[in-house]
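So that we are looking at the same thing, I have put the structure below in structure tokens.
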Amino acid sequence: MEFMERRILRDGKALDQNILLVDSFLNHQVDMALMQEVGNAFAHRYRDEGITRVVTIESSGIAPAGMAALALRLPLVVLKKRNSRITSADVYQTSVQSFTKNTQYELTVARRFLPAGERVLFIDDFLAMGEAALGVMRILDMAGCALAGVGIVIEKSFQPGRQRIEEKGHEVFSLARIAQMSAAGITFIPATEM
Ligand code: G4P
């Protein structure tokens with residue numbers, strides 16, 4: 001069993017069949033030793049892919065993506081969630097819908113932090129519907145950058161995010177893939193099937 005699966009079983013809690021509570025180690029209290037292990041795992045997977053920049057979305061993506069950027073010795077760019085559109089030539093923006101939280105935001109980044117030609121690794125804490133990842137792809141297209149990888153800490157494989165990203169021609173590398181969950185327990189898709 002992989003380290004992230006063990007930690008989910010130890011400290012995660014399925015609120016229902018859709019939402020996994022991980023606020024004791026990932027998105028409220030953050031276990032930085034675990035994040036270091038996360039960063040090293042992503043760095044190991046992507047060290048030979050010619051990545052030039054790591055990108056994430058505020059806020060819960062910052063810890064895992066930051067540790068990956070540190071391990072890879074690369075800059076980290078944090079895409080912002082804005083409430084409204086900005087009419088400025090200095091930013092790239094695209095609307096993203098969050099089905100889990102039933103909200104919408106304007107994914108925003110200053111153009112100067114995504115110069116054309118960068119090879120970008122996108123890292124996020126959760127993959128559910130894939131809306132955030134598709135938004136990042138639109139931003140990278142606007143910037144003339146290439147998406148070189150999608151690294152996810154916890155993938156909810158019973159939701160269509162992975163499939164939607166793969167349909168766009170990109171691979172997903174997840175540290176834990178949840179096959180299903182309920183109050184009775186959590187099951188994973190084993191790493192050998194990844
Ligand atoms: P998608 O991008 O794959 O479509 O995912 P979706 O919009 O449905 O969900 C994105 C937000 O919901 C993210 O938070 C993500 O961390 C959170 N989320 C999704 N599934 C779960 C879950 O099972 N458990 C928990 N705890 N969170 C989940 P966010 O809006 O980006 O907020 P932030 O915490 O990063 O600020």
Side-chain angles (χ1 to χ4, degrees), residues 4-5 7-32 34-35 38-39 42 54-69 76-84 92-109 120-141 147 149-189:
M4 187 54 61
E5 298 174 354
R7 189 58 180 263
I8 290 168
L9 289 182
R10 200 186 86 181
D11 293 330
K13 187 174 184 310
L15 280 187
D16 52 36
Q17 291 178 344
N18 282 310
I19 298 294
L20 178 69
L21 203 63
V22 288
D23 59 357
S24 68
F25 62 95
L26 183 56
N27 59 14
H28 199 350
Q29 175 173 264
V30 182
D31 180 339
M32 290 309 294
L34 181 74
M35 291 304 112
V38 164
F42 285 133
V54 178
V55 158
T56 192
I57 301 177
E58 62 178 348
S59 58
S60 303
I62 296 175
M67 295 312 287
L76 171 69
V77 179
V78 179
L79 305 195
K80 306 283 189 179
K81 291 176 191 157
R82 298 288 190 224
N83 293 327
S84 56
Y92 299 113
Q93 265 194 329
T94 187
S95 300
V96 172
Q97 177 86 32
S98 170
F99 291 101
T100 305
K101 299 196 170 173
N102 197 20
T103 53
Q104 186 174 331
Y105 57 87
E106 298 295 326
L107 192 60
T108 305
V109 64
V120 170
L121 170 60
F122 170 55
I123 288 185
D124 212 354
D125 57 335
F126 271 98
L127 175 61
M129 297 296 287
E131 289 294 319
L134 294 177
V136 169
M137 286 180 209
R138 292 193 294 276
I139 293 266
L140 295 181
D141 277 349
L147 180 63
V150 178
I152 300 293
V153 180
I154 302 174
E155 172 187 321
K156 296 193 289 184
S157 305
F158 51 87
Q159 294 189 269
R162 167 181 286 263
Q163 188 189 338
R164 295 176 77 199
I165 295 167
E166 287 176 347
E167 280 168 6
K168 296 274 182 193
H170 300 287
E171 259 183 44
V172 179
F173 173 68
S174 303
L175 300 182
R177 298 183 66 191
I178 297 178
Q180 57 181 19
M181 61 185 184
S182 67
I186 300 169
T187 58
F188 299 97
I189 298 176

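Note that the coordinates shown come from a computational prediction; the quantities given were computed from them, not determined experimentally. Just so you know, ligand 1 is whichever comes first in the structure, and atom 1 is the first atom listed for that ligand. Residue numbers start at 1 and run along the sequence shown.
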Legend entry - Heavy-atom side-chain proximity of Ile62 to Glu58 below 4.5 angstrom: yes
Inset, instruction - State, to 0.1 Å, how close Asn27 and Asp23 come at their nearest heavy-atom pair, and which atoms those are. - result: OD1-CA, 3.3 Å
Inset, instruction - Around atom 5 (O) of ligand 1, find the nearest protein heavy atom and jot down its residue, atom name and distance. - result: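 Of the protein heavy atoms, Ala128 CB, 3.5 Å lies nearest.
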Legend entry - Nitrogen or oxygen of Leu127 less than 3.5 angstrom from that of ligand 1: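 Such a contact does not occur with ligand 1.
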Legend entry - Region of Glu58 engaging ligand 1 - heavy atom pairs below 4.0 Å: backbone
Inset, instruction - Among all protein heavy atoms, pick the one closest to atom 29 (P) of ligand 1 and tell me residue, atom and distance. - result: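 Answer for atom 29 (P) of ligand 1: Lys81 NZ, 3.1 Å.
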Inset, instruction - Using the salt bridge (Lys or Arg N to Asp or Glu O under 4.0 Å) rule, pick out the option among Glu155, Glu167, Glu171 that qualifies with Arg162. - result: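 Of Glu155, Glu167, Glu171, salt bridge (Lys or Arg N to Asp or Glu O under 4.0 Å) with Arg162 is met by Glu155 alone.
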Legend entry - Non-hydrogen side-chain atoms of Ser98 and Gln104 separated by less than 4.5 Å: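 No, every pair of side-chain atoms sits at 4.5 Å or beyond.
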Legend entry - Closest protein heavy atom to atom 34 (O) of ligand 1, given as residue, atom name and distance to 0.1 Å: Ser60 OG, 2.6 Å
Inset, instruction - Could you tell me whether the side chain of Gln180 and the main chain of Thr187 form a donor-acceptor pair under 3.5 Å? - result: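 Not at all, since once roles are kept as given, no pair shorter than 3.5 Å links the two residues.
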Legend entry - Residue and atom name of the nearest protein heavy atom (relative to atom 24 (N) of ligand 1), distance in Å to one decimal: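 Here the closest protein heavy atom is Leu20 O, 2.7 Å.
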Legend entry - Smallest separation among heavy atoms of Leu107 and Gly135, with atom names: CD2-C, 3.7 Å
Legend entry - Nearest-contact summary for atom 32 (O) of ligand 1 - protein heavy atom, Å: Lys101 NZ, 2.9 Å
Legend entry - Ligand-side contact atoms (ligand 1) for residue partner Asp125, heavy atom cut-off under 4.0 Å: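 Checking each atom against Asp125, I get 16 (O).
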Inset, instruction - Would you mind listing which atoms of ligand 1 come within a distance below 4.0 Å of any non-hydrogen atom of Asn18? - result: 23 (O)
Legend entry - Protein heavy atom at shortest distance from atom 21 (C) of ligand 1: Lys156 NZ, 3.4 Å
Inset, instruction - Could you tell me whether the side chain of Ile178 reaches within less than 4.5 Å of the side chain of Phe188, counting heavy atoms only? - result: yes
Legend entry - Which segment of Thr103 sits under 4.0 Å of ligand 1 when only heavy atoms are counted: neither
Legend entry - Phe99 neighbourhood, listing ligand 1 atoms whose heavy-atom distance to it stays under 4.0 Å: 7 (O), 8 (O)
Inset, instruction - Kindly identify the option in Gly61, Ala132, Ser98 whose heavy atom sits closest to atom 11 (C) of ligand 1. - result: Ser98
Inset, instruction - Determine whether Gln97 and Met129 make a side-chain contact, defined as any pair of heavy atoms from C-beta on separated by less than 4.5 Å. - result: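 The answer is no; the side chains never approach within 4.5 Å.
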Legend entry - Under 3.5 Å side-chain donor-acceptor pair for Glu106 and Thr108: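 No, because no side-chain N or O of Glu106 sits under 3.5 Å from a partner of the opposite role on Thr108.
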Legend entry - Shortest protein contact, atom 4 (O) of ligand 1 (heavy atom only):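 Minimum-distance protein heavy atom for atom 4 (O) of ligand 1 reads Glu131 N, 2.8 Å.
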Inset, instruction - Identify, for atom 9 (O) of ligand 1, the protein heavy atom at the shortest distance, and state residue, atom and that distance. - result: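 In this structure, atom 9 (O) of ligand 1 has Thr100 OG1, 3.3 Å as its nearest protein heavy atom.
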